[in-house]
Structure formats: C-alpha cells, structure tokens
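This chain uses plain numbering: 1 for the first residue, then up along the sequence.
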Amino acid sequence: MDPVPSRGRPTVYTVGQRAGVSVATVSRVISHPERVREETRRRVHEAIAELDYVPHSAAASLARRRFNAHGLVLPELSGTYYSDLLMGYESVASAAGQSVLLLIVDDRPDIEVSLLRLAARVDGIVLMGGVEVSASAVRAVTHKIPVIGISGAVHDIENFVTQSSGSVTALTRHLVHDHGRRRLVFVGDPSLASDVQDRYDAFCSVAADLGEPAQPVRVRYEESDGRAVAAAYLRGEIDADALVCANDELALGILDHLSRAGVDLPGALAVTGFDDVPSARLVRPALTTVAQPVRQLAAQTAIRMCELTEDAARGTHQPPADPADQHQLPTTVVLRQSCGCTTDPTPTPDPAPSAEPHPEEL
C-alpha cells in the first residue's frame, strides 16, 4: 500500500490517490507513457492537471542549478515560417550563452506530461499558440520557471504576437472595393490557433457587409490542405471569386493546383495568403499576402526570456497574477498579381532583429 499523501505541495502520492492508481503507475505515465493503457494515462493526466503537480525531479533540479537552456514548444517544424522563427530565437539565445531545447508537439500524445518533463531541463519555456495544453498545466510550470507565449495568445501569460486583424481587414477590403470581389471565402480552421481566429474575425467584419455567410473552409495550414481545397473548388464544392487563406502554405498549394488545372488566376479566382514566405514572390501569379516580421518576433521573445531567467536566477521571478501583457509587432499588406493587381511591388522584407545583444546587456 502507498504511504499516506503528505499535506502541502502535491506529490506523486496525491496524484496516485486522485487518479485511483499506484505510485508506480504514476511514475510510468510520466517516464514511459507508452507502457500504460490510454484510459489510465487519461486519469493520471487529469489528476496532474487538477493538482497542478510538477514532478519532484523538476523542482529539485530547478532548486539546484541553472541549465542555461530555453525550451521552445512548437506544434510542428515544417515550412519557412518555423525556420525563420527558430533562426530569430536561436541567434539571440546563443549570443546570451543559452541553448534551445525543442519540443515538437505534432500528434504527440501526453503533451502535458512532456511539457512538465521539459520544465525539468530548462530555465524557461516559450509556448507557441496552437499548442493544445491546459491552463492548469501552464500554471503549474509558471510557478517554477518563466513561461512566455509566442505567435498567438497563450492563456494568462505574457505573449509576443504579430498584428493580424488590421492587415487582414485592409486586404479583404482591397479585394471588395478595388477588385469587385463579392463571393469571398476564408480558408483555414480558426479554432486551431488564436492568431488565425483573429484573422478570420477581421475577414468576417468585412464580408458581413456583403450579406454573405462567412463560414470558413476548416482545414489545417499545410500546402497539401491547400491542394485539397483547390480540388474541392474544381468539383464545384466551393462557390467563391476570392479565397483569403490563413497562411501562405495554403495559398501556394491552391495556386499551384489550380494553375495546373488551367483555372484563370486571378480572373476567375483571387487568392491571398499570410506570412510572405520567399516563394510567395516567385510563383505565378505572384502571391498577394501579409508580411509579418517572424525573426524579429522570435528575437524579441528571446530577449525577454533572457531577462526573465536572469530575474529567476536572482530569486526575483514571480508567477504572473494578472492577464498577460501583449507585445504586438506590426504587419504589412503586400499586393501582387494573385489578387488582381497588375503591378508587383518589391515586397516589404521581414525586418531583421536589431543588433544581437551581448550577453552582458541581457
């Protein structure tokens, strides 16, 4: 029989008692989740979240020393966007003598347990919007180490984001007022990321004036999903004269598939994206999109994380008590041929991070 759980900070014993399992089972769920039945894992994860439990090894490690490492939790690692984000973050972290440990969520089970295990090996964690993790799990980590959100609001913590709604509003109005588009459809599932939800809300604010329903085509954000949307358009399942896509990957997949099918672009259909990846200016028709400063966003997040971990090392780190600050960087509409414009202006480049800070400056 397991010992009677102690009072105060939740322990592996209190987790086991809450979940109705042994201490050994709790330990296996944390260290080797693949060896435990799904239903049992679910009960243990719920107990961990309810109790705000952080494994003792994490607390002990954090009490003993610094790791000179930041944890970066991302939903995936494909495409130019993530490459720019990593380069912007790592360049600042490296200049400050910090390494970066990645946790790629993708379809990984037991995300919250993985997050807690990562917390045992780093001085702070950057959590990207779109990563599905409970507020209680985030709260449990913030009581031990600093946690920042990036690219989408993440619970009640400090967040670094790019401005989405203003540029999407301007882009959608451009399609309506300058090109006479009337059957606009948003492509991308807003429920998967808070920044995409902001883009969709801005789109709806303009589309509503046309008296048209603004239901999105709910797909993920990869190029293959864009090709599937293009195929649905060719089958007559999407009635639109303009597609406003959540990101460039979707838009590029649509453009390529429809171009190969001989669709008049942008005559019959205008297509726009968001991100301004390098290939956006190389395709034909060149992609109208919104440029966002991804590297600068990541660099500023890294600078802030270095400040917070220094505070924690001095014993002055305090878990956030109020809703998070939002640090917002501007974005820029880039007009090219895919919306119907005849000119192809030089796109606004992604602003580079300011001069890399010397470690002593952080």
Side-chain angles (χ1 to χ4, degrees), residues 76-88 91 151 162-164 167-168 170-172 174-175 178-179 181 184-188 195-196 199 203 217 219-234 238 240-299 329-353:
E76 58 173 310
L77 196 58
S78 62
T80 304
Y81 177 91
Y82 289 100
S83 174
D84 284 347
L85 186 141
L86 283 176
M87 291 176 67
S91 64
S151 191
T162 55
Q163 184 271 345
S164 288
S167 290
V168 172
L171 180 58
T172 309
H174 174 73
L175 290 169
D178 296 333
H179 297 294
R181 305 292 171 163
L184 284 72
V185 172
F186 187 89
V187 180
D195 54 349
V196 175
R199 294 167 202 174
F203 168 85
V217 177
V219 295
R220 298 187 67 85
Y221 313 136
E222 297 181 9
E223 185 177 329
S224 59
D225 299 301
R227 295 182 185 279
V229 170
Y233 173 84
L234 292 173
I238 298 175
D241 61 6
L243 299 180
V244 177
C245 298
N247 69 355
D248 283 355
E249 284 198 53
L250 282 170
L252 292 170
I254 291 170
L255 284 177
D256 183 67
H257 193 91
L258 294 184
S259 294
R260 293 174 186 274
V263 175
D264 178 14
L265 301 171
L269 182 70
V271 180
T272 68
F274 197 106
D275 285 336
D276 196 24
V277 300
S279 53
R281 67 203 69 171
L282 302 177
V283 296
R284 291 294 177 266
L287 180 63
T288 290
T289 185
V290 175
Q292 60 172 334
V294 177
R295 292 195 189 187
Q296 185 179 10
L297 176 73
L329 277 67
T331 56
T332 306
V333 175
V334 181
L335 300 177
R336 300 191 181 104
Q337 286 96 2
S338 72
C339 66
C341 287
T342 56
T343 59
D344 187 6
T346 301
T348 302
D350 188 10

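Between the side chain of Thr288 and the main chain of Arg336, a donor-acceptor pair closer than 3.5 Å is present. Proximity of a side-chain donor or acceptor of Asp225 to a complementary backbone N or O of Glu222 within less than 3.5 Å is detected. Asn247 contributes a side-chain N or O that, together with a main-chain N or O of Tyr221, makes up a donor-acceptor pair within less than 3.5 Å. Ser259 contributes no side-chain N or O that, together with a main-chain N or O of Asp256, makes up a donor-acceptor pair within less than 3.5 Å. Formation of a donor-acceptor pair under 3.5 Å by the Thr331 side chain with backbone atoms of Ser164 is not found in this model.
In this structure, Asp248 and Asp276 approach most closely via the heavy-atom pair OD2-N, 2.6 Å. Across all non-hydrogen atoms, the minimal contact from Ser338 to Pro266 is O-CB, 3.3 Å. Between Gly273 and Ala251, the closest heavy-atom pair is CA-CB, 4.0 Å. Scanning all heavy atoms of the two residues, the minimum distance from Ala270 to Leu175 falls at CB-CD2, 4.1 Å.
More than 12 heavy atoms of other shown residues, nucleotides or ligands fall within 6.0 angstrom of atom CZ in Arg227.
Within the model, atoms CG of Leu297 and OG of Ser151 stand 6.5 Å from one another, a figure rounded to the nearest 0.5 Å. Between Asp264 atom CG and Leu258 atom CG the span is 11.0 Å, to the nearest 0.5 Å.
You'll find the side chain of His257 reaches within 4.5 Å of the side chain of Leu234, heavy atoms only. With contacts defined as side-chain heavy-atom distances shorter than 4.5 Å, the pair Arg199/Val196 qualifies. Under the 4.5 Å side-chain criterion, counting only non-hydrogen atoms from C-beta, His174 is in contact with Cys341. Looking at Leu184 and Asp241, their side chains come closer than 4.5 Å, going by heavy atoms from C-beta outward.
In summary, the side chains of Asp275 and Gln292 do present a donor paired with an acceptor at a separation below 3.5 Å, with no hydrogens or angles considered.
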